[in-house]
Asks: 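Please see the structure below; I have some questions.
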Amino acid sequence: MNVNLALPMLTLFPAFGVIALLVLRGDDHVFIRRMALAVSAIEFALSLFLLPQVPVGSTGYRLEINVPWITSPPIHLHMGVDGLSLFLVLLTTFLTPISVLASWNSIQHRVKDFFVALLMLEVGVVGVFVSLDLFLFFLFWEIMLIPMALLIGIWGHERRIYAAVKFVLYTMAGSALMLVGILWLYNATGSFDLVEIQRQLQAGIVELSPRTEMLLFLAFFVAFAIKVPLFPLHTWLPDAHVEAPTAGSVILAGVLLKMGTYGMMRFCLPLFPHASYKAAPYVATLAIIGIIYGALVALVQPNLKKLVAYSSVSHLGFVVLGIFSFTVVGMQGAIYQMIAHGISTGALFLLVGMLYDRRHTFEISQYGGLATPMPRLAAFFLFAALSSLGLPMLNGFVGEYLVLLGTYIVHWQWAAWAATGVILSACYLLWAYQRVFFGEVTVEKNKTLPDASERERFILATMSIVILWMGIGSSYITHRTEKAAEAAHEHMQQWDVGAAPAPANGNVVTLERSSNR
Amino acid sequence: MVPTQYYLILSAILFGLGAVAFVFKRNIITIFMSIELMLNAVNLAFVAVSQALGKLDGQIFVLFVIVVAAAEAAVGLGIIILTARNRRSLNVERVDLLKL
Amino acid sequence: MTAPLLIFFVLAALAVAGAVSLILQKHPIHSALSLIVVMVALAGLYLLLGAEFVAAVQIIVYGGAIMVLFVFVIMLLNAGEEERTDFSKLAKFAGLPLSLALTGLLAAALIHRGAAVQNPAAPGMLADTSKISLLLFSTFVYPFELTSFLILVAIMGALVLAQREKN
Amino acid sequence: MFILDHLWIVPLLPLLGAAINGLFGVKFPNKVVNTVALSATGLSFLAAVEGVREFLDYFAQTGQPFQKAFFDWIVAGNFRAGFDLRMDQLTVVMVLVVTGVGFLIHIYSTGYMGHEGGYYRFFTYLNLFMFFMLILVLAANYVLLFVGWEGVGLASYLLIGFYFLRKSASDAGKKAFIVNRIGDFGFMLGMFLLFRTFKTLDFGQLFEAVKSSGMPHEAWGVFGTFTIACLLLFTGACGKSAQIPLYVWLPDAMEGPTPVSALIHAATMVTAGVYVVARSHLLFEHSETALVVVSVVGCATALFAATIGLVQTDIKKVLAYSTVSQLGYMFLACGVGAFGAGVFHLMTHAFFKALLFLAAGSVIHAMGGEQDMRHMGGLSGKIKVTYWTMLIGTIAIAGFPPLAGFFSKDAILFGAFTAGGGHDTGGRVLYGIGLLTAALTSFYMFRLIFLTFHGKQRYDEHHVHVHESPWSMLTPLVILAVLSVVGGWAAAPALWGGEDHFTAFLAPVFPVREAAEGLAEAAKLTLERTLAVVAIVAAAAGLGVAFWLYLKQPGKPAQIAKSLRGIYNTLYNKYYVDELYGATVIRPLLWLSENVLWKIVDVEAIDGTVNGVAHGAAALGQTVRQTQSGNARSYAVWVVVGALTVIVILFWPMLRPALGMVTP
Amino acid sequence: MSFQTPATEDFYRVLPELIWCGFGVLLMLLQPFTKNRPFFTAVAFVGASLGALSAFESAQHPGAGFFALIQIDTFSIFLHLLVGGVAALVVLAAGPYLKRENLDPAEFFALVLFATAGMGVLSSAQELLTAFIGLEMSSIASYVLAGYRRDTLKSSESALKYFLLGSFATAFFLYGIALVYGATGTTTLTLMQDAPATSNLLRLGLALILIGLGFKVAAAPFQIWTPDVYEGAPTPVTALFSAGPKAAAFALLLRIFATVPAATQYWFWAFWILAVLTMFAGNLGALVQTNVKRLLAYSSIAHAGYILVAFAAVTNMDAADKNLGAVPAYTAVLFYLLSYALVKVGAFTIVSQLGGKDEKYVTLDDYAGLSQRHPVAAAALSLFLLSLLGLPVTAGFFGKFYVFKAAVNSGLIWLAVLMALNSVIGAYYYLKVIVAMYMREPHDAVKDAPVAFPATVNIVLVLSALGTVYFGLFPNQVLRLLLEKTLIGGLK
């Protein structure tokens with residue numbers, strides 16, 4: 001039994017902020033904003049202390065806490081970080097203060113509630129990433145639904161209620177099945193502990209029949225796929241994004257979607273390797289369809305925010321593809337793409353939000369020529385767009401490249417199809433950029449729009465620095481995520497007992513199912 | 001000597017007719033009567049079985065059932081009077097404010 | 001056919017006829033009278049089964065008290081002939097067939113040989129009222145006492161429901 | 001060894017310039033912007049020169065290319081892409097051309113862009129371009145090369161769209177980027193294939209691995225690893241170097257300011273494709289098919305673009321098609337195995353095409369922005385320096401000795417003619433087309449000169465005040481003119497009394513291949529001489545026709561155009577290729593995306609299903625609700641139904657045989 | 001046979017019932033002397049909670065009492081506490097309601113206490129006739145309570161429908177008892193363990209008992225009365241209905257189930273099908289409701305369906321160690337009942353307060369913008385709804401979790417999947433209420449309507465909310481109690 005309170009404290013810290021917000025003055029909006037900013041900034045600072053805790057080359061989980069919570073069934077407060085979750089936690093804690101800042105002026109209505117919801121959301125998301133007990137994981141997974149739904153539903157735009165309800169129902173549909181899956185797994189292993197279940201499955205203490213394994217895999221996978229979202233389960237996303245307030249979109253795109261891919265990597269692969277193998281071609285096909293489809297639909301969107309939303313469908317397709325390439329390179333790429341997408345799409349949503357703050361519309365046709373009145377915003381937008389379309393030396397490239405490379409190594413056709421996404425992303429982003437920022441100013445109102453304010457510049461500059469740093473110093477991250485990716489990869493290998501001993505990372509993984517299992 | 005099964009079959013028929021009456025009748029009082037009919041059928045079954053088993057407790061049960069029937073009758077008729085007063089009709093089909 | 005059997009069939013026919021009459025009669029008073037017929041017939045059957053005490057209670061409490069209450073209420077409310085409305089399409093079309101099916105099913109289940117119960121050794125041997133009281137006040141004293149509260153509730157309920165508004 | 005050990009200084013200087021100007025330039029006066037930009041490029045040039053010097057020392061000592069890893073950029077699994085820079089002879093040529101020509105164009109731009117808005121922005125982009133271009137040529141692995149590759153694409157995008165208020169400009173920028181991306185798609189897949197096969201993308205290691213792998217050369221028609229990898233890489237090269245079918249962006253790219261056209265779309269960036277093919281020559285040499293494809297595509301592009309160039313009236317468009325054509329030439333060289341010749345032409349082309357563009361810019365400057373040659377004429381006396389320098393450039397590109405273009409072109413034609421040991425019909429055909437192209441080049445270039453500088457004045461003097469450009473613009477012209485004149489002698493072959501220093505210099509990279517093995521030295525000389533004469537004749541023919549048509553018979557071209565209307569229109573409209581792409585790819589794709597994928601698949605099918613489920617549930621809910629009729633008799637029936645259900649369920653084992661159902 | 005008197009211990013065993021009935025009588029006696037409403041509320045509250053607490057005293061005397069007619073075990077103690085607690089909360093919540101609607105408190109509270117006593121009997125009875133008497137006690141009191149606002153059409157209609165259909169179902173139940181008695185020769189559950197499992201009589205008897213109890217727990221298609229009765233009854237009474245009698249009826253079902261092997265065997269498919277029908281009927285019906293009270297009524301049907309899933313799970317246990325394996329499933333039912341009772345009482349209390357005089361404001365439109373008008377009420381109601389929805393950190397989550405677990409453990413994956421599907425449908429209408437409260441603007445009429453939350457109501461809300469969260473976070477103690485092997489005593 002490990003008792004290291006670091007992670008529970010980190011998870012719950014924003015909740016303390018929530019309590020403080022609830023108890024303290026409720027009418028002073030400036031105070032509330034400052035308070036929320038302080039809480040989220042401190043949370044970010046705290047989370048930075050995780051970095052040295054996961055040194056390069058460290059295996060397994062760090063900062064583990066494992067204390068019993070509920071005796072029957074045995075549910076433990078089991079948390080830990082490894083390279084995979086570390087950066088997702090950091091991403092969350094980084095984007096939250098950014099979101100707070102982004103909502104500084106745009107939220108004028110029910111300010112306290114807004115920041116309460118935002119901070120609660122942070123609790124849920126951080127909790128998801130550090131939980132090592134399936135039950136605990138599920139708990140946080142569900143907890144985060146409500147604040148997010150509120151963010152969309154209260155502070156969203158015209159069809160906010162529809163979007164919020166759709167978001168919740170979609171997610172719940174998946175997670176209800178996941179709960180059945182979790183229980184089934186518990187029934188087989190007598191444990192909710194991820195590490196323990198994994199140990200039992202690997203040691204052969206518990207054997208799942210192929211059919212059972214596949215059903216279990218699906219129970220988990222569908223829940224994750226909805227969250228990702230994987231084509232064709234994606235239709236909640238455009239609605240949710242378009243209707244959500246900026247902060248909501250940033251967190252949604254930045255972090256929430258990653259919960260799905262995180263889940264696939266953390267649960268689907270290690271727990272159900274055979275089923276994952278079997279499902280891989282189908283999953284990859286869906287991912288590739290998602291990449292191309294998302295890009296093509298983004299191409300023709302008249303609504304700027306929807307365009308960015310569909311681009312997420314496309315980008316997340318890469319992540320799924322990388323995971324299901326079952327190569328270290330591909331998985332590393334997937335992890336990297338998760339983080340990179342969080343930053344660059346987050347930045348795009350921030351920018352779209354800033355435009356919205358000025359003009360209260362997302363319609364591209366309402367813009368045009370904005371580079372003249374607001375050159376700074378235009379520059380930042382271009383920067384974010386470039387990072388999103390995967391320009392080398394910016395963050396988007398690294399993930400995309402590694403995913404494609406890792407995939408190519410095993411299935412060149414997959415990679416070839418997916419790589420068309422690289423072309424299409426340039427098409428929709430640059431076209432949209434052109435329509436919004438280039439040309440003469442066509443709408444009279446746009447002529448006098450103010451350029452980025454100091455607050456906005458701070459936000460955008462921060463995002464840009466991260467984008468650039470991630471593009472150049474990617475090895476800082478990949479070194480730390482390497483063991484996690486290798487671990488996930490190894491699980492796939494270990495199960496493949498019939499196959500030849502695993503060649504070094506990145507090499508061809510035989511997909512034949514071993515006969516003796 | 002009458003086989004116990006005959007009694008049971010008779011009780012089933014009476015019980016069923018009670019159900020038929022319950023579904024068929026519209027007057028609330030008559031509907032309530034059909035419940036009494038069903039309880040009577042039950043009593044018959046109790047007594048018949050009790051005799052077949054050679055145990056007395058079946059008869060005790062009948063007494064309890066009668067008491068309960070009486071209590072139900074008191075409350076039920078109270079409710080019927082209330083309804084009749086409120087609605088000026090004893091047709092159960094006209095009591096349909098609460099629906100959907 | 002032995003005498004008891006003959007009596008049984010006569011009484012059974014009477015009871016069934018009473019039940020059917022209950023259904024067919026339009027006026028509640030007639031239905032109530034039909035029900036009394038059933039009750040009396042059943043009382044006869046109880047006697048045939050050797051349950052004299054129950055038969056007596058049946059006549060006194062059921063036929064006497066409860067049914068009088070019914071008739072009283074019918075009179076009080078001045079209930080006229082039944083209004084044979086058919087607002088419920090379900091009841092109109094499916095009610096009768098389904099409830100008859102239920103009757104049939106119940107009877108069929110009991111006619112089935114799997115439902116056979118042993119027949120009594122001799123009729124009338126249980127008809128000992130003192131034994132009933134012994135049982136009632138020792139083994140079943142708890143439910144017996146509970147029935148007192150039950151009646152209390154019923155009285156109070158009737159009171160609460162039937163009383164007129166104070167103002 | 002300081003610069004060589006800190007080779008990153010060379011690209012970093014322009015980046016620094018870009019950063020300073022980009023972040024603070026908006027507040028700087030033009031002078032400060034100038035200082036920053038010029039010193040960044042100039043210092044970079046000096047550093048490059050010093051680096052080259054150090055490298056030559058180094059090479060003299062070790063005989064090895066210089067390569068150094070600076071930091072890990074991408075590491076994942078066994079994949080590593082470092083920020084590694086490499087210096088070898090090929091790099092030397094490229095670095096010097098890029099920094100040198102780049103610097104000159106920077107100087108020129110201070111004059112040309114002096115009165116434009118967004119001055120700092122322009123120099124930011126230009127410096128940014130220099131950075132990426134230097135990364136491209138200095139990179140020691142494909143991935144880093146790809147950084148420069150995409151980076152120059154970005155800079156190109158920004159600079160083409162510099163006048164972003166013009167829709168055509170932003171369109172052109174976008175088109176350039178996207179078409180390049182299509183090429184990059186292939187380039188990336190090529191990289192992946194190489195990595196999969198050889199487990200590395202580092203030039204040194206990769207080429208070693210290729211050599212030591214003992215993998216056989218792939219003959220014509222064999223689609224092995226090398227062929228596929230090379231073809232994929234070549235796809236990228238086609239995009240960047242504007243070859244068929246991806247050349248369409250380059251003519252449009254003329255929307256950018258003229259110095260940009262000179263620097264990016266003539267001298268440096270567009271040659272990156274050639275550079276990559278040359279860099280990967282070891283791979284290409286392993287595949288017959290790939291080489292054939294390269295040469296055929298190059299040759300076809302050369303001819304194709306030249307024909308379009310014949311009828312263009314926009315002075316920059318003519319140069320643009322000329323560039324496409326000349327790039328085709330370079331690929332032709334590579335395709336026939338004459339990589340050295342290709343690179344040589346790359347260099348000379350950088351000189352004279354930059355010169356031509358800059359001169360054209362000077363003309364446009366003089367004409368106050370007019371680009372249509374039909375509205376020029378007779379300028380030779382008014383802008384003398386421009387005229388003479390441009391004439392030098394024209395002569396150079398047309399292939400008259402002893403100017404630079406002659407030598408490089410001659411080397412290519414010789415390479416083509418002698419391809420496959422000189423007995424290859426294919427090589428002959430390529431040669432023939434090359435020759436034809438040379439004649440056409442000579443024709444349209446002199447057409448340009450005559451239309452612009454000679455003949456009648458076709459503009460209104462009241463509106464246009466022709467004036468010579470400032471010296472900041474003329475100096476680079478002069479320098480480039482000098483280079484165009486003398487540049488060729490670096491590779492003058494023995495025939496012309498030279499020693500072909502250039503080929504010798506590149507020998508460590510491209511081992512000297514006896515192009516015409518089997519031929520005796522004397523026969524080779526004879527052949528060379530013959531081919532040179534033929535080339536000169538072709539060029540002269542082009543000149544003659546142009547002279548006759550545009551100076552002697554000025555009415556004739558219109559007449560010819562009229563009589564050959566179909567051909568003329570086809571050429572004038574660039575073979576309708578843009579329209580073709582629009583009709584077959586772009587519009588169908590947009591239509592499909594909007595009307596099928598979005599509005600039908602997404603909204604109707606998927607979301608429709610989702611909402612349909614919701615509506616279905618609601619409808620079911622209404623049904624359930626309808627059972628709640630409020631009528632107690634109905635409720636009684638429901639209870640009876642329930643009773644029947646329960647009884648049937650419990651008696652099912654007995655009912656089933658009764659109903660005739662038997663358990664199997 | 002000789003005359004026997006019950007042991008003294010037996011009276012301790014029925015102490016809760018005695019206290020409840022005693023206080024009921026006391027209230028009736030006090031009625032002529034005072035009109036002080038708070039006084040009656042206090043007395044009734046003391047009675048209800050004292051009765052509940054006295055269950056701890058009866059816990060000191062486990063075992064069969066009154067000639068094995070009742071059984072005191074953990075199970076019955078738990079349910080006594082539950083129904084007593086519910087009654088106490090309902091009493092508190094009803095005080096202000098009765099005042100607002102100008103209804104007599106004494107009889108009302110007395111009826112509540114008698115009904116509670118009936119439920120208490122039901123939860124400890126292990127003999128069918130005793131159970132029947134308990135059932136009737138609670139039912140007859142319930143009929144009256146449903147019609148307590150006797151001058152309104154809705155309330156009297158509610159009483160009439162409840163009474164007619166309830167008696168109808170009672171007849172089935174009773175007939176079932178008669179047939180079981182005929183088949184086994186006894187009505188004591190513990191004596192039925194070796195009853196012939198092939199008898200038609202027993203089979204039919206169990207079917208009829210299931211029909212009777214199915215009606216009480218509102219299993220589809222017997223659920224049909226629920227929405228109307230719940231909607232028409234005074235709201236505190238609805239709170240009582242949804243929590244108390246249902247729990248008691250489930251308790252009896254469970255006890256029969258646990259004790260009579262034949263029941264387990266025959267009832268499995270019935271429960272399977274009833275569970276599915278009930279879940280869908282409840283959830284689909286609720287989907288289209290705009291009346292919050294009625295919506296909650298439908299929701300309680302759905303929840304009965306979830307509980308039935310756990311029943312199906314119990315039946316499907318491996319016969320060999322049925323008792324061992326089934327315990328978690330019993331636990332699931334009991335924990336669910338607890339969480340559900342807490343939430344329903346809380347939710348209906350809020351509905352009752354927000355309704356205003358004559359329960360005018362009960363539609364979703366009236367709830368629009370509640371979060372601004374009364375943030376605490378909105379937050380509390382949201383908490384309850386989320387618990388019903390089964391979101392974590394609420395007791396409802398664990399309740400549902402346990403039911404899921406029971407279903408999956410016994411291999412009823414499809415049932416679990418159907419339940420999951422239903423949870424999603426359920427999510428929609430719970431969200432609809434939350435959406436109305438948080439995301440919509442209030443309409444004018446309701447804007448000015450005063451919303452009063454008197455102290456007693458606040459106590460109810462705080463208790464139920466705290467309970468919901470507490471059991472959502474720390475279910476251990478309850479679970480430990482319920483997971484005993486001797487949960488249901490009296491087995492051989």
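Since we're looking at a predicted model, the values are computed, not measured. Note on naming: letters A, B, ... go to the chains in the order of the sequence lines (proteins, then strands), and numbering restarts at 1 for each one.
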Asks: Please state whether the side chain, the backbone, both or neither of E:E136 comes within less than 4.5 Å of a heavy atom of chain B.
Replies: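 For E:E136, the side chain is the part near chain B, not the backbone.
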Asks: Of the backbone (N, CA, C, O) and the side chain (C-beta and beyond), which part of E:F172 lies under 4.5 Å from a heavy atom of chain B, both, or neither?
Replies: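 The answer is both parts of E:F172.
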Asks: Sort E:T170 into side chain, backbone, both or neither according to what part of it lies under 4.5 angstrom from a heavy atom of chain B.
Replies: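 When you check distances to chain B, only side chain atoms of E:T170 fall under 4.5 Å.
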Asks: Given a strict heavy-atom distance threshold of 4.5 Å, which part of B:A74 is in contact with chain E: side chain, backbone, both, or neither?
Replies: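 Neither part, no heavy atoms under 4.5 Å.
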Asks: As an exercise: rank B:V42, B:I80, B:V65 by heavy-atom pairs under 4.5 Å with chain E and give me the winner.
Replies: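 The residue among B:V42, B:I80, B:V65 with the greatest pair count is B:V42.
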Asks: Sort B:L97 into side chain, backbone, both or neither according to what part of it lies under 4.5 angstrom from a heavy atom of chain E.
Replies: both
Asks: Would you kindly say whether E:S156 and B:N86 are connected by a side-chain donor-acceptor distance under 3.5 Å?
Replies: yes
Asks: Which pairs pass salt bridge (Lys or Arg N to Asp or Glu O under 4.0 Å) with one or both residues in residues 169-193 of chain E, sequence neighbours excluded?
Replies: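 Sorted pair list comes back empty.
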Asks: For E:L129, is it the side chain, the backbone, both or neither that has a heavy atom under 4.5 Å from a heavy atom of chain B?
Replies: side chain
Asks: What do the steps show when you test E:E359 against E:T235 for side-chain hydrogen bond (donor to acceptor under 3.5 Å, both in side chains), and what is the final call?
Replies: CA-CA 8 Å; E:E359 306 196 3; E:T235 316; 2.7 Å; yes
Asks: Answer whether the closest heavy-atom distance between the side chains of E:L213 and E:I209 falls below 4.5 Å.
Replies: yes
Asks: Name the region of B:V67, side chain, backbone, both or neither, that has any atom closer than 4.5 Å to a heavy atom of chain E.
Replies: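 Looking at B:V67, nothing touches chain E.
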Asks: Can you tell which part of E:L204 gets under 4.5 Å to a heavy atom of chain B, answering side chain, backbone, both or neither?
Replies: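 Neither part; nothing is under 4.5 Å.
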Asks: Mind checking side-chain hydrogen bond (donor to acceptor under 3.5 Å, both in side chains) for E:Y181 and listing every partner two or more places apart, or none if nothing turns up?
Replies: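 For E:Y181, the residues satisfying side-chain hydrogen bond (donor to acceptor under 3.5 Å, both in side chains) (neighbours in sequence not counted) are B:D57.
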Asks: Is the closest side-chain donor-acceptor distance between E:S139 and E:K216 under 3.5 Å?
Replies: yes
Asks: B:A69 versus chain E, heavy atoms under 4.5 Å apart: side chain, backbone, both or neither?
Replies: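 Contact with chain E involves no heavy atom of B:A69 at all.
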Asks: When the ring centroid of E:Y162 is compared with that of E:F241, is the distance short of 6.0 Å?
Replies: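 Yes: the rings meet the under 6.0 Å criterion.
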Asks: Heavy atom to heavy atom, less than 4.5 Å: which residues from residues 20-35 of chain B reach chain E?
Replies: B:F22, B:I28, B:I31, B:F32, B:I35
Asks: Heavy-atom pairs under 4.5 Å with chain E - which of B:V68, B:I60, B:V92, B:N43 has more of them than the others?
Replies: B:V68
Asks: Measuring only between side-chain heavy atoms, which start at C-beta, is E:K161 closer than 4.5 Å to E:W225?
Replies: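 E:K161 does not reach E:W225 side chain to side chain.
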Asks: With a 4.5 Å heavy-atom cut-off, do E:L189 and E:L128 have their side chains touching?
Replies: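 Of all side-chain heavy-atom pairs linking E:L128 with E:L189, at least one is under 4.5 Å.
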Asks: May I ask you to check whether E:T226 and E:Y298 show a side-chain donor-acceptor distance below 3.5 Å?
Replies: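 Side-chain D/A pair, E:T226 to E:Y298: absent.
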Asks: With sequence neighbours excluded, what pairs up with E:A117 under the side chain to side chain contact (heavy atoms under 4.5 Å, CB included) test?
Replies: E:W20, E:C21, E:M137
